[in-house]
Amino acid sequence: PTIVAVGLALTTKNVYVSLLLGLFIGNVIIFDGNILSGVDGIIKSVETVFADGSNLTTMLAISLMGGMILLIQKAGGVNGFIDFLTVRTSLIKSKKSANFITWLIGIIVFVSANMSSLIAGSIMKPVNDKYLTSPEKQAFIVHTVSAPVCALIPLSSWGAYMISVLENSGVEGAAGVMIKSIPLSFYVVIAVAIVPILILTGFDFGPMKKHEMNAIAGDLFTTPGRPYEGNEEEVINEKAHVLDLILPVAVLIASCIVAMVYTGGFFEGASFVDAFAASDASVGL
């Protein structure tokens, strides 16, 4: 099943169909080659996924975040933010500064890895495209930062999870232990720190280097099929202000933290640390 799923994903670039066929083959194997039982197994697998409340909560949270980002785009908030960075303050004047701001936004949106990727990627895509940063390089920046930065900051879904694991293991002062462990989290520290170094030095590697060279030559969409070529964002409000983006995102981050400690019983008398450790991150998000 793994060979089929991964192999088809690499050759067809269709992840959903590839996973579905991998799931089907796995079920056929489980039922001793019975194809009809394999189909029935897929249906029951899907039913199991949707019957799990935490799965539904996670899907709802991601859908709502995507909806909020689309609303900001339609309102012109992304354009207002880009205008602020490129025209009013001139913070972005080059490809390197565009990449650096992308990295910085990924760090600022630290509450959730999914949120970090969605917001940093969608906000900075137009300006990164303008300065000829390949989609592969953009994806590398936002994805390399998203989960690691959440693991470095206690006030995040990952931080809450790690604190709860320590508490359930009988560790006293779990929040303090988690904070003290940050310098020893070598992978996440290196992942967050290596991105600006690669940006400043201009060092690229592997297939990303090929895509970057093509982007510099003017061909951004070198992926076969060019799925995003000519994908223009519709803007309804052309007079949007930078606050049309900053304010919703700031409220989102603050409300996520409040909601997470709420689910942990903070407003019922639990301390902030205890409430955060006991929080339900997906429900809070």
Side-chain angles (χ1 to χ4, degrees), residues 53-55 57-58 60-62 64-65 68-69 99-121 123-124 139-200 245-285:
S54 62
N55 288 340
T57 302
T58 301
L60 178 61
I62 295 173
L64 288 172
M65 280 191 285
M68 189 201 76
I69 292 169
N99 293 171
F100 183 80
I101 294 295
T102 305
W103 170 79
L104 190 60
I105 292 174
I107 292 176
I108 293 172
V109 187
F110 59 84
V111 177
S112 162
N114 290 329
M115 190 190 300
S116 177
S117 292
L118 282 168
I119 292 178
I123 287 175
M124 292 303 297
F140 168 77
I141 294 172
V142 300
H143 189 263
T144 304
V145 171
S146 59
V149 76
C150 291
L152 289 175
I153 299 177
L155 294 178
S156 68
S157 56
W158 273 103
Y161 172 73
M162 289 188 288
I163 291 172
S164 68
V165 168
L166 290 171
E167 284 197 337
N168 293 332
S169 300
V171 176
E172 294 184 5
V177 173
M178 186 264 170
I179 292 172
K180 290 179 181 178
S181 75
I182 290 174
L184 301 175
S185 302
F186 301 121
Y187 169 75
V188 293
V189 171
I190 292 172
V192 173
I194 200 70
V195 173
I197 294 174
L198 295 179
I199 291 171
L200 292 174
L245 182 143
I246 291 178
L247 187 59
V249 173
V251 171
L252 174 66
I253 294 172
S255 61
C256 280
I257 295 173
V258 172
M260 286 170 69
V261 296
Y262 168 79
T263 63
F266 176 72
F267 296 102
E268 297 174 1
S271 68
F272 184 87
V273 173
D274 290 341
F276 206 80
S279 67
D280 188 328
S282 60
V283 172
L285 291 173

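Residue numbers start at 1 and run along the sequence shown. Nothing here was measured: the structure is a model prediction, and the numbers come from that model.
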- Message: If we ignore hydrogens and angles and just use 3.5 Å, is the side chain of Ser185 paired with the main-chain N or O of Val188 as donor and acceptor?
- Response: no
- Atom CD1 in Ile197, atom CD1 in Ile190: separation rounded to 0.5 Å? 9.5 Å
- Message: For the OG atom of Ser116 and the CE atom of Met65, what is their distance to the nearest 0.5 Å?
- Response: 10.5 Å
Donor-acceptor contacts, no H, no angles, side chain residues 261-272, under 3.5 Å, sequence neighbours left out:
from	atom 1	to	atom 2	distance (Å)
Thr263	OG1	Met260	O	2.6
Thr263	OG1	Asp280	N	2.9
Ser271	OG	Asp274	N	3.2
Ser271	OG	Asp274	OD2	3.0

- Output for pair (Ile246 CD1, Ile123 CD1), nearest 0.5 Å, gives 9.0 Å
- Query: Would you say the side chains of Ser146 and Ser117 form a donor-acceptor pair under 3.5 Å?
  - Reply: yes
Please table the atom pairs, donor to acceptor, closer than 3.5 Å between any side-chain atom in residues 165-178 and protein atoms at least two apart or in another chain.
from	atom 1	to	atom 2	distance (Å)
Asn168	ND2	Ser164	O	3.1
Ser169	OG	Val165	O	2.8

Donor-acceptor pairs under 3.5 Å, side chain of residues 101-112 to any protein atom, not counting sequence neighbours: which ones?
from	atom 1	to	atom 2	distance (Å)
Thr102	OG1	Ala98	O	2.8
Thr102	OG1	Asn128	ND2	2.9
Trp103	NE1	Val192	O	2.9
Ser112	OG	Asn114	N	3.3
Ser112	OG	Met115	N	3.4

- Query: For the atom pair CG (Leu152) and CD1 (Ile179), what is the distance rounded to the nearest 0.5 Å?
  - Reply: 12.0 Å
- Task: First locate atom CG of Leu118, then atom CE of Met68, and finally report the distance between them rounded to the nearest 0.5 Å.
- Result: 9.0 Å
- Message: Tell me the closest heavy-atom pair linking Tyr187 and Pro148, and the distance in Å.
- Response: CE2-CG, 4.4 Å
